[in-house]
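Step one of this worksheet: look at the structure below.
In what follows, chains are A, B, ... by sequence order, proteins preceding strands, each numbered from 1. Values below: all heavy atoms of this structure, side chains included; hydrogens, waters and symmetry mates excluded.
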Amino acid sequence: MSEVRIAGLLAGQVPLGTQVAVKGWLRTRRDSKAGLSFLHVSDGSCFDPLQVVVPDTLANYQEEILKLTAGCSLVVEGRLLKSKGSGQATELQASSVRVLGWVEDPDSYPIAAKQHSFEYLRQVAHLRPRTNTFGAVARVRHCLAAAIHRYLDEHGFIWIHTPIITANDCEGAGEMFRVSTLDMLNVPRAADGAVDFSEDFFGRGAYLTVSGQLNVETYCQALSKVYTFGPTFRAENSNTPRHLAEFWMIEPEIAFADLADNADLAEDFLKSIFEALLSERSDDMAFFAKRIEPECIKRLEAFIESPFERMEYADAISALEKSGKSFEFPVAWGRDLQTEHERYLTEEYLKRPVVVMNYPKEIKAFYMRLNEDGRTVAAMDVLAPGIGEIIGGSQREERLAVLDQRIEEMGLNRDDYWWYRDLRRYGTVPHAGFGLGFERTVQYATGMANIRDVIPFPRTPKNADF
RNA sequence: UCCCCGAUAGCUCAAUUGGUAGAGCGAGCGGCUGUUAACCGCUAGGUUGCUGGUUCGAGUCCAGCUCGGGGAGCCA
């Protein structure tokens with residue numbers, strides 16, 4: 001007897017009539033007076049459950065089958081047959097059903113066979129993967145992650161495992177989580193009363209990374225095309241459907257490249273992974289289109305087919321000024337684009353993704369390359385309808401003198417960046433890269449409204465449960 | 001962190017000007033049916049988020065707290 005996953009059975013990989021064993025969890029049970037029960041069993045390998053037909057002639061029919069409830073774990077053996085019903089092509093005619101684990105007190109089982117709110121399911125995050133939605137999210141998440149690695153591998157990128165713990169308290173991307181083994185009830189003090197981190201584990205202050213970019217640039221300057229894909233941490237008190245304290249980020253970095261190359265990569269990369277998603281997880285995407293966001297498949301198809309708009313920051317400002325809209329936040333050259341501005345550009349003005357390029361240097365990071373005009377830097381943001389900023393990137397400043405000047409202008413300490421500056425002293429090359437928020441990508445693809453529902457165990461202010 | 005809203009049965013919600021808490025789903029039992037968001041009947045299920053206050057009387061009004069949601073900022 002062969003043992004197979006339900007995905008393979010439903011995909012027709014096993015000939016009808018074959019005797020198989022299936023292991024999974026019960027979704028629903030319906031009994032018929034014709035002397036049989038119908039079980040929907042899922043093993044998570046695909047969206048659809050397998051229908052199992054159980055005749056009342058099985059020895060444990062009265063004592064066990066009729067008492068099965070949602071969530072029970074089962075081993076079903078039987079023959080794969082063409083279904084007599086209309087809801088599915090094939091079904092399993094059971095010759096034995098073994099119950100591995102019962103659900104104690106079905107009345108209070110948190111995942112009843114009914115619709116639950118996402119807010120509620122977050123409180124039972126250990127059980128929510130058993131629902132249609134969260135099973136689908138998990139498979140889509142995996143599919144996109146695999147597609148990302150595959151694309152980058154096929155295009156000659158090397159995956160660099162940049163550190164999670166960093167002693168750079170100067171990465172400049174917001175509040176950081178401190179990593180310490182000091183006894184917080186009895187911290188060592190220096191003479192001036194400040195905490196003495198020289199006695200801490202690393203002999204200095206240490207933090208969780210907010211970005212692998214500075215580290216990955218070092219490998220970029222040797223391997224040409226590299227990327228990071230790992231968890232990232234921000235200790236910002238952000239309470240929105242788009243922010244997490246712990247999230248995953250992809251950061252490609254390419255040498256011998258400028259901002260235009262960077263934008264081209266971002267576009268080809270995004271289109272490629274969404275194409276993979278549509279072809280490999282059509283079952284889950286059909287579910288999202290039916291129950292979560294009716295437009296999500298059409299949106300991805302349009303995303304793949306139409307070229308991204310490319311727009312100068314200055315032109316974006318002009319478009320906003322000419323829009324006739326009254327924005328809550330003022331529009332002016334030198335000011336950053338607010339959420340409402342980004343939404344207007346992608347959702348009303350262009351109705352598709354746009355790469356906004358060359359921002360005023362004052363509102364961007366020190367490492368972004370200064371343009372000829374002396375007032376803008378080669379930065380880019382990829383904005384998408386419905387989600388806003390999905391990618392932020394730039395060409396990096398490869399000229400040491402200019403980099404030093406920018407470090408000084410921003411009030412940063414040059415010595416803190418000694419190894420980063422070394423890259424500009426030893427065989428510097430033009431290079432560029434960007435950061436893609438993985439959860440936001442999953443959100444965009446599925447239409448899931450809240451970022452807390454596209455990561456298994458969301459970490460947000462006041463919540464690190466599970 | 002700021003603004004707005006919310007917390008009532010396992011879940012989703014209702015409850016009139018302050019007057020003894022109700023429905024659907026789920027669960028249990030029974031009926032019916034190659035069923036599939038099944039359908040029909042019956043039953044059980046509540047210290048109304050926490051603390052305090054006003055009142056003869058509070059799910060309802062007031063204050064504080066906790067947690068959740070939406071919007072904004074920060075950003076990916």
Side-chain angles (χ1 to χ4, degrees), chain A residues 27-41 48-55 66-67 69-71 81 83-88 91 93 103-124 127 131-132 172-175 210-213 231-251 290-291 327-329 336-340 342-343 363-365 381-384 387-393 434-444 449-455 460-463 465:
Chain A
R27 284 291 179 78
T28 60
R29 186 196 93 225
R30 291 175 300 278
D31 305 318
S32 168
K33 264 296 174 289
L36 59 159
S37 289
F38 299 93
L39 310 182
H40 274 179
V41 178
D48 289 319
L50 175 69
Q51 173 154 286
V52 175
V53 183
V54 187
L66 290 180
K67 292 175 180 165
T69 57
L81 297 175
S83 179
K84 294 178 192 169
S86 59
Q88 57 286 315
E91 63 191 17
Q93 183 71 30
V103 167
E104 61 172 58
D105 190 17
D107 183 40
S108 62
Y109 177 57
I111 311 294
K114 58 157 290 180
Q115 293 220 340
H116 294 285
S117 67
F118 293 146
E119 290 84 358
Y120 165 72
L121 289 170
R122 274 171 222 149
Q123 296 165 25
V124 287
L127 299 173
T131 63
N132 281 336
E175 295 294 312
V210 294
S211 164
Q213 182 205 316
T232 313
F233 307 87
R234 304 277 167 90
E236 303 284 354
N237 191 10
S238 297
N239 295 286
T240 84
R242 300 183 307 281
H243 289 85
L244 292 166
E246 175 182 295
F247 63 99
W248 288 61
M249 186 156 66
I250 300 98
E251 297 171 288
K290 187 178 174 190
R291 289 293 168 86
F327 295 109
E328 186 185 345
F329 293 87
D336 210 350
L337 299 180
Q338 302 294 319
T339 299
E340 57 175 348
E342 296 178 350
R343 291 184 66 116
I363 58 174
K364 290 293 180 181
D381 283 348
V382 179
L383 312 178
I387 183 87
E389 184 183 335
I390 192 170
I391 278 181
F434 60 82
L436 171 68
F438 186 54
E439 283 74 20
R440 288 188 183 175
T441 307
V442 178
Q443 271 191 281
Y444 181 72
N450 196 311
I451 199 167
R452 293 161 204 189
D453 299 324
V454 296
I455 191 168
T460 54
K462 305 288 186 225
N463 180 20
D465 293 341

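Considering only side-chain N and O atoms, A:Gln338 lies under 4.0 angstrom from the phosphate OP1 or OP2 of B:C74. For A:Arg452 and B:G69, the shortest distance from a side-chain N or O to OP1 or OP2 is below 4.0 Å. In this model, the phosphate group of B:G71 is not approached by any side-chain N or O of A:Thr339 to a distance below 4.0 Å at OP1 or OP2. Within the structure, every side-chain polar atom (N or O) of A:Asn132 is placed at least 4.0 Å from both OP1 and OP2 of B:A37.
If you check every strand for non-hydrogen atoms under 4.0 Å, A:Glu91 touches a base. Within 4.0 Å of A:Thr232, counting heavy atoms only, lies no atom of the nucleic acid at all. Across all strands shown, A:Phe247 has heavy atoms under 4.0 Å from base atoms, whether or not it also approaches the sugar-phosphate. Residue contacts shown for A:Asn239 include a base, since a base heavy atom lies under 4.0 Å away. A:Gln51 comes within 4.0 angstrom of a nucleotide base, judged by non-hydrogen atoms across all strands. Counting non-hydrogen atoms under 4.0 angstrom, A:Gly87 reaches a base of the nucleic acid. As judged by a 4.0 angstrom heavy-atom cut-off over every strand, A:Pro241 is placed among residues touching the sugar-phosphate backbone only. Residue A:Leu244 is in base contact, counting any heavy-atom pair closer than 4.0 Å across all strands shown.
Between A:Thr460 and A:Leu244, the closest side-chain pair of non-hydrogen atoms falls below 4.5 Å. The closest side-chain heavy-atom distance from A:His40 to A:Gln51 is below 4.5 Å.
The A:Phe38 side chain lies nearest to B:U35 when the options are B:U35, B:A72, B:A76. Considering only the side chain of A:Thr69, B:G28 comes nearest among B:G71, B:G28, B:U36. Closest approach to the A:Arg440 side chain among B:A76, B:U35, B:G10 is made by B:A76 (side chain taken as heavy atoms from C-beta onward). Side-chain atoms of A:Phe329 lie closest to B:A72 of the nucleotides B:G34, B:G10, B:A72. Checked against B:A27, B:C74, B:G34, the side chain of A:Pro106 finds its nearest nucleotide in B:A27.
Counting distance only, with no hydrogens placed and no angle test, the side-chain atoms of A:Ser238 and the base atoms of B:C74 include a donor-acceptor pair under 3.5 Å. Scanning atom types as modelled, one donor and one acceptor separated by under 3.5 angstrom connect the side chain of A:His243 and the base of B:C75. No N or O donor and acceptor, one from the side chain of A:Glu119 and one from the base of B:G70, sit under 3.5 Å apart. In the interface, the side chain of A:Gln88 is paired with the base of B:U35 through a donor and an acceptor atom under 3.5 Å apart. Applying the 3.5 Å distance criterion, the base of B:U35 shares no donor-acceptor pair with the side chain of A:Asp31.
A:Ile391 pairs in a side-chain contact (heavy atoms from CB on, under 4.5 Å) with only one of the listed residues (A:Thr441, A:Val382, A:Ile250), which is A:Val382.
Two residues, A:Ser117 and A:Arg29, neighbour RNA chain B, and the one matched to the more 5' nucleotide by heavy-atom proximity is A:Ser117. Along RNA chain B, the nucleotide closest to A:Lys462 and the one closest to A:Glu340 are compared, and the more 5′ of them pairs with A:Lys462.
Taking atom NE2 of A:His40 as the reference point, atom C1' of B:G34 lies 12 Å away to the nearest angstrom. If you take NZ of A:Lys84 and P of B:U36, they are 17 Å apart, rounded to a whole angstrom. Rounded to a whole Å, the CG atom of A:Leu81 is 13 Å from the C1' atom of B:G34. Nucleotide B:C11 holds its P atom 17 Å from the CZ atom of A:Phe118, rounded to whole Å.
By the salt bridge (charged side-chain N to carboxylate O under 4.0 Å, His left out) test, A:Arg29 is found to be paired with A:Asp31, residues two or more places apart in sequence or in another chain being considered. Under the ring-ring contact (aromatic ring centres under 6.0 Å, His included) criterion, A:Tyr444 pairs with A:Phe274, A:Phe303, not counting sequence neighbours.
Residues A:Pro110 and A:Val124 approach most closely at CB-CG1, 3.8 Å, considering heavy atoms.
In this structure, the aromatic ring of A:Phe438 is not positioned over the six-membered ring of the base of B:A76 within 5.5 Å between centres and 30° between planes.
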Report task. Dot-bracket notation for RNA chain B is requested: 5' to 3', Watson-Crick or G-U wobble pairs only, both distances under 3.5 Å, with ( ), [ ], | and . as defined. Result -> (((((((..((((.....[..)))).(((((.......))))).....(((((..]....))))))))))))....
